[in-house]
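Worksheet: the structure to be examined is printed underneath.
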Number of protein chains: 2
Amino acid sequence: MERPLLEDIRDRLDEFTATEKKAAHALMANYPVQGLGTVAQFAEAAGVSSPTILRFIGRLGFPGFAEFQKKLRSELESQLNSPLARSATLEDEQGGDPHVGQLLENVRETFAHLPRGELEGLIRLLADEKKTLHLIGGRFTDGLARYMAAHLRIVRSGVNHVAGQQGNWLDQLLGMGPKDVVLIFDIRRYQTEIVQFAEAAAKQGATVTLVTDSWMSPVGRIASFVLPARVAVPSPWDSSLALMAIAEVLIAGVTRENQQRAQERMQSLEILRNEIDPTTESRTTGPDV
Amino acid sequence: MERPLLEDIRDRLDEFTATEKKAAHALMANYPVQGLGTVAQFAEAAGVSSPTILRFIGRLGFPGFAEFQKKLRSELESQLNSPLARSATLEDEQGGDPHVGQLLENVRETFAHLPRGELEGLIRLLADEKKTLHLIGGRFTDGLARYMAAHLRIVRSGVNHVAGQQGNWLDQLLGMGPKDVVLIFDIRRYQTEIVQFAEAAAKQGATVTLVTDSWMSPVGRIASFVLPARVAVPSPWDSSLALMAIAEVLIAGVTRENQQRAQERMQSLEILRNEIDPTTESRTTGPDV
DNA sequence: GTCAGTTTGTAATGTTTGTTACAGGATTGC
DNA sequence: GCAATCCTGTAACAAACATTACAAACTGAC
């Protein structure tokens, strides 16, 4: 009664026969609505006969089609009454912005297809205080690099936001070596300067990592870690929201990875800040140091 | 076929007889699941007899119970397949990162409680080319101001990102008047410099607008438009993702509001860029000018 | 208080539906 | 290449279902 039926079907997909799988797929493709009609409708949609449907739901553990539907309805009921679903249905009822819907979908899809190892690996790399971090972004994504640098600087030392005139970049490139990690934000159209910077850094032995769109920046060829994000929205612009979500998860991850040191640094900074600007109201704990 | 049945029932509630209303209420209380079982189940849940249910759905305009259910199922199908609903239902299964779930929830809740008029009003204000725009953010949110400025600069003229040393701000403040619009990103803890900047700008007649967290920056007191966003996440940091989502919707809105001029500017910029840097591959259309 | 109109439930009905027995067909193992 | 097993669809069946006819109960008006 507790486990979602959809998961059960997915896990046990191999137990079914060939035509039963057709039934399973038809149901999953339009879950759970496909199971709420008649057996004949279900059978037609799956391209099989009615008895096959019955055998399918029998193998799932239901004594009859009626019980199967009852389970579907009760699942649907609790799902639709959850606060999360409520806000979702209420929104598009009263004309929720389709743009916002697409934004949410992008973030969700981005993390659904993000290789878990890549994310964890990059977090560990960024948390390594023996490395020096260099963050850089393109025309639009530089704000993200800046945002992330502002947080990481509080959590750890050796964080550098590569910004400003292109001429300055050369200075930063000069000292780079195996102890440096470069995190690049880059979406199309991929700026040649960024690519050149990445290539130069890699040539000097620095580890290059990349947060990009699904089409993948050319930097991806030389990067050790690549995190692709969805950017398409109903607008002439691409959306960087999913990139930002990745940035925030990275920030949280690095903070978690090095919790006690991060806290110490936060407190020291807090004290420093109060000494410099006593007008600012003080708080002993909290994030915004 | 298009209008949601739930609305129809709500509107026409007075047309029904007393017991039919009981049926209507039972359906609305557990919509649409209650209508997907048998007539007898529906009748029992509503505390009426089966024929009353039939008369009820007959009055709704359906020739029979089967057609009524068909309508419910098709409604449910399209609703569950919308990107909004998907993000709500799918995220908590397949063990997605709880942090990501919270991020999505924040964005959703933010827009659910955003006064529609405020958003539209602010977009119109930002789209007004007779005004000069000044964007400014705090320690962490300055990246957002930068991000938004980078886009708006392409869509329209007179966009200024107030950045750098605090001393420079004074210069920008000097010339301000009723023709200036200040858009401030500010989350706790609210920096006194930002508040001072806002107050000074307001005193000189500029329109002050604000994107902030739910606790509301003190700037809110003097702001003409205030858009609050959810920022809580399971991390010592606050999340600015919902602020960024607002920024992107604003960008898209301003672009839409002034489409032909934006396109002209994009093309001119494209040409300019190619003249300066011929190595960059050229595209005649597209966002990333 | 009575009558007309409306509303509601009971009970019967005809149909659709889920269900099952069975036979043809495919597949696998020897 | 044969046989045994498993899979799948056809067709018949019985139960559950939506549906309808009808009578009782209620309501409001005169």
Side-chain angles (χ1 to χ4, degrees), chain A residues 5 8-9 11-77, chain B residues 5 8-9 11-77:
Chain A
L5 191 58
D8 201 40
I9 296 173
D11 292 350
R12 297 171 50 191
L13 208 62
D14 290 332
E15 296 178 22
F16 304 129
T17 68
T19 46
E20 279 170 12
K21 271 182 197 164
K22 285 167 84 174
H25 280 124
L27 176 59
M28 291 192 294
N30 190 3
Y31 186 88
V33 180
Q34 190 58 255
L36 292 170
T38 69
V39 175
Q41 288 169 342
F42 192 168
E44 194 191 340
V48 300
S49 69
S50 297
T52 301
I53 301 295
L54 272 302
R55 281 188 281 262
F56 167 62
I57 65 117
R59 204 178 297 251
L60 280 174
F62 297 98
F65 195 70
E67 288 82 359
F68 166 71
Q69 288 194 321
K70 204 171 166 187
K71 162 76 173 166
L72 285 183
R73 282 200 300 270
S74 81
E75 245 187 34
L76 197 61
E77 186 180 336
Chain B
L5 191 58
D8 200 40
I9 296 173
D11 291 349
R12 296 171 50 192
L13 209 61
D14 290 331
E15 296 178 21
F16 305 128
T17 67
T19 45
E20 280 170 11
K21 270 182 196 165
K22 286 168 83 174
H25 281 122
L27 177 59
M28 290 191 296
N30 191 2
Y31 186 90
V33 181
Q34 191 58 258
L36 292 170
T38 69
V39 175
Q41 288 168 341
F42 191 169
E44 194 190 341
V48 300
S49 69
S50 297
T52 301
I53 301 297
L54 273 303
R55 281 188 279 264
F56 166 62
I57 64 118
R59 204 179 298 252
L60 279 174
F62 296 98
F65 195 70
E67 290 82 0
F68 166 72
Q69 288 193 322
K70 204 170 162 187
K71 162 77 173 167
L72 285 183
R73 282 200 300 270
S74 81
E75 247 187 32
L76 197 61
E77 185 180 337

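So that the names make sense, note that chain A is the first sequence line, chain B the second, and so on, each numbered from 1.
Remark: A:Glu77 does not engage A:Arg73 in a salt bridge, criterion side-chain N to carboxylate O under 4.0 Å.
In this entry the distance linking CZ of B:Phe65 with C1' of C:dT17 reads 14 Å, nearest Å. The interatomic distance linking A:Phe68 (CZ) with C:dT19 (P) rounds to 11 Å, in whole Å. Remark: C1' of C:dT17 and CD of A:Gln69 are 11 Å apart, rounded to the nearest angstrom. Between B:Phe16 atom CZ and C:dT6 atom C1' the separation is 17 Å, expressed in whole Å. Taking atom CD of residue A:Glu67 and atom C1' of nucleotide C:dT19, one finds them 12 Å apart after rounding to whole Å. Straight-line distance from the NZ atom of B:Lys70 to the C1' atom of D:dA18: 17 Å, rounded to whole Å. At whole-Å resolution of the value, CZ in A:Phe62 and C1' in C:dG18 are 16 Å apart.
Applying the 4.0 Å criterion to OP1 and OP2 of D:dT8, one finds that A:Thr17 has a side-chain N or O inside that range.
Shown for residues 34-61 of chain B: residues whose heavy atoms fall under 4.0 angstrom of DNA chain D, namely B:Thr38, B:Val39, B:Ala40, B:Pro51, B:Leu54.
In terms of heavy-atom proximity, B:Gln34 sits nearest to B:Ala26 at CG-O, 3.9 Å. Of all heavy-atom pairs between B:Pro32 and B:Leu76, the closest is CG-CD1, 3.7 Å. For the pair B:Gly35 and B:Leu27, the tightest heavy-atom approach, listed with the atom from each and the gap, is N-CD1, 3.7 Å.
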I'd like a table of atom pairs between the protein and nucleotides 13-15 of chain D - only N or O on both sides, under 3.5 Å - with the distance next to each one.
none

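Rounding to the nearest 0.5 Å places CG of B:Leu5 at 6.0 Å from CG of B:Leu60. Interatomic distance, B:Leu72 CG to B:Lys70 NZ, rounded to the nearest 0.5 Å: 13.0 Å.
Counting only residues at least two apart or on different chains, the salt bridge (charged side-chain N to carboxylate O under 4.0 Å, His left out) pairs with a member in residues 49-62 of chain A are A:Glu20-A:Arg59.
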With side chain to side chain contact (heavy atoms under 4.5 Å, CB included) as the test, would you mind laying out the steps for B:Lys71 and B:Glu75 before giving the verdict? CA-CA 6 Å; B:Lys71 162 77 173 167; B:Glu75 247 187 32; 3.4 Å; yes

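Classified by interplanar angle (parallel below 30°, tilted 30° to 60°, perpendicular above 60°), the ring pair B:Phe68/B:Phe62 is perpendicular.
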